[in-house]
Amino acid sequence: MRHMTFLCVCVLVTILTCSSSALKILSVFPYPGKSHFIVVRVLLRELARKGHDVTVISYYPEKNPPQNYHDIVLSGESIAAEDSLSIEDFNYMSVIQTSFYLTLTGKENCEILLSNKEVQDLVKRKTKFDVVLVEQFNSDCALGLAYKLNAPVVGVTTHIMMPWHYNRYGISYNPSYVSFHFLKGGTKPTLYQRLERVVFDAYFKILYYVITQRSNQNVLAKYYNDIPPLEDLAREIKCLLISQHFTLTSSGLYPANVIEVGGYHVEKARPLNGDLGKFVEEADAGVIYISFGSTFMISTMPQDKLEAILETIAELPQRFVWRWNSVAIDKPPFTELRSELRSILTNKRKVYLSAWLPQVDLLGHPKTVAFFSHAGMGGTTESLHFGVPVVAMPILGDQLANGASIEESGLGVQIFLNDLTKENLIHAIKNVMEPGFRERVRQLSKAWHDRPLSPLDTAVYWTEYTARNANFTFRSAAADVPLYQFYNLDVAFIFVIIFVILIATCKILLCRPKKQATTKKKRS
Ligand SMILES: *[C@@H]1O[C@H](CO)[C@@H](O)[C@H](O)[C@H]1NC(C)=O
């Protein structure tokens with residue numbers, strides 16, 4: 001009997017401690033980018049699986065959510081991020097367009113978020129959250145919300161940092177060895193690339209601080225009258241989970257609260273089935289997977305570039321699985337292709353076209369020998385996860401920096417749209433399929449997996465850590481140092497003054513008599 005009582009008490013204590021360690025977590029994703037959300041969704045579901053109570057503000061509700069996962073669904077006239085972008089070579093115009101797009105959506109996303117009734121209710125009811133996950137992308141609007149809820153913030157990104165994110169964590173962006181989000185080049189830039197980085201860094205920051213952040217602040221002020229400057233709230237972010245890892249993006253100089261969790265979204269590859277499974281299994285020389293992501297329409301590709309890819313497919317012995325994000329092939333512009341090239345697209349034994357492909361299962365399949373990709377961060381980390389070499393054709397945004405990382409890490413090679421010819425593409429694909437190259441990729445993949453804690457567990461750990469230690473902000477002191485002190489300009493100024501005084505004193509006291517002495521000597 002006494003044993004039973006003891007057991008009951010034990011069970012009760014366990015239940016109590018379990019439920020008390022379950023956290024109430026809010027996550028705010030006001031940007032409607034699907035490629036971003038499919039990454040963080042894995043973390044959010046994992047947090048729910050661990051027993052935490054998770055509330056998610058996003059454009060992407062779960063179909064069958066677990067009991068402790070609640071959606072607040074945003075909807076509105078926001079520009080869909082997945083609108084068709086055209087495939088064109090890198091140029092400054094597209095960088096400027098991207099900057100306008102980010103500014104515009106950064107403003108709009110904030111208005112849609114704050115005008116949502118359920119979101120307003122969270123604040124009205126003073127709902128208590130232990131931690132708030134906030135996407136670090138094109139707006140800081142959600143930081144105002146977290147402030148009203150009086151909860152500590154974990155920043156989340158799904159790509160390398162945006163130019164305006166470095167300062168708030170006390171990282172000084174250094175163009176001499178750090179890739180820039182929107183430009184070509186890696187850790188060894190040319191002088192021209194460094195100039196480019198400095199100019200665009202200033203441009204993007206000014207646009208962000210002057211337009212986006214100020215507009216977010218004004219929209220917040222319409223609803224709440226006590227929101228501190230957003231940049232101050234940004235410096236109060238407890239930690240940042242970044243979607244990168246040094247094996248791919250090289251060792252960065254990050255403070256202790258900026259945590260690399262790249263690849264946490266990659267799930268176990270399942271066997272392929274149906275038509276696709278059969279197509280891949282029967283590929284004697286292996287399969288090459290082609291995908292330019294969800295945003296780029298293949299029909300916008302210049303005709304000669306499309307022909308180069310089709311001629312490459314015809315020439316290589318491999319089969320091709322192509323994420324066909326486009327109109328059907330019996331519509332223009334594909335009807336304008338030469339008939340022998342069009343017949344490649346319709347050859348069911350050579351090419352498998354589909355808008356919906358299980359990318360992870362494909363990259364994880366042993367028959368997949370190479371990936372021809374636009375170098376989005378998701379696909380790039382998935383390739384590294386499964387050790388599939390990449391031929392990267394970056395088009396815009398972070399893809400350009402990712403492409404440089406792919407090449408520098410040894411995961412693959414880059415080819416730019418301008419240089420895309422049949423000869424170059426065949427050369428690039430053959431290059432990454434060489435046994436030596438593939439062995440290096442296998443070794444790199446081994447290093448990528450070799451971590452003290454899996455990336456998903458690391459992301460969960462730091463989320464829980466933030467809730468457990470919410471009364472501290474362990475940011476680098478560098479984030480609080482005024483710029484003139486950060487660069488020791490005042491110290492340099494004092495040294496310049498001392499130097500000038502010394503020279504002057506020397507001129508007056510020492511040099512002049514000497515001069516006189518020598519002239520005297522001459523005279524005598
Ligand atoms: C933060 O400090 C307050 C006041 O001392 C305390 O009640 C609270 O439990 C602390 N929070 C955490 C997460 O330790």
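When a ligand or atom number is given, it counts from 1 through the structure's own listing order.
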Original post:
Does the protein put any heavy atom within less than 4.0 Å of atom 4 (C) of ligand 1?
Top reply: no
Original post:
Within the structure, does at least one protein heavy atom fall under 4.0 Å of atom 7 (O) of ligand 1?
Top reply: no
Original post:
Hey, is atom 14 (O) of ligand 1 under 4.0 Å from any protein heavy atom?
Top reply: yes
**OP:** Measure the spacing between CH2 of W356 and CG of N325 and express it to the nearest 0.5 Å.
**Re:** 8.0 Å
Original post:
Side-chain donor-acceptor pair under 3.5 Å between D53 and H70, yes or no?
Top reply: yes
Subject >> From CG (D457) to NZ (K50), nearest 0.5 Å >> reply: 5.0 Å
**OP:** Enumerate the atoms of ligand 1 whose separation from the nearest heavy atom of A467 is less than 4.0 angstrom.
**Re:** 13 (C)
Subject >> Residue among E46, E267, E62 satisfying salt bridge (Lys or Arg N to Asp or Glu O under 4.0 Å) with R41 >> reply: E62
Original post:
Looking only at N/O atoms, are N471 and ligand 1 under 3.5 Å apart anywhere?
Top reply: yes
Original post:
Looking only at side chains, do E196 and Y92 share a donor and an acceptor under 3.5 Å apart?
Top reply: yes
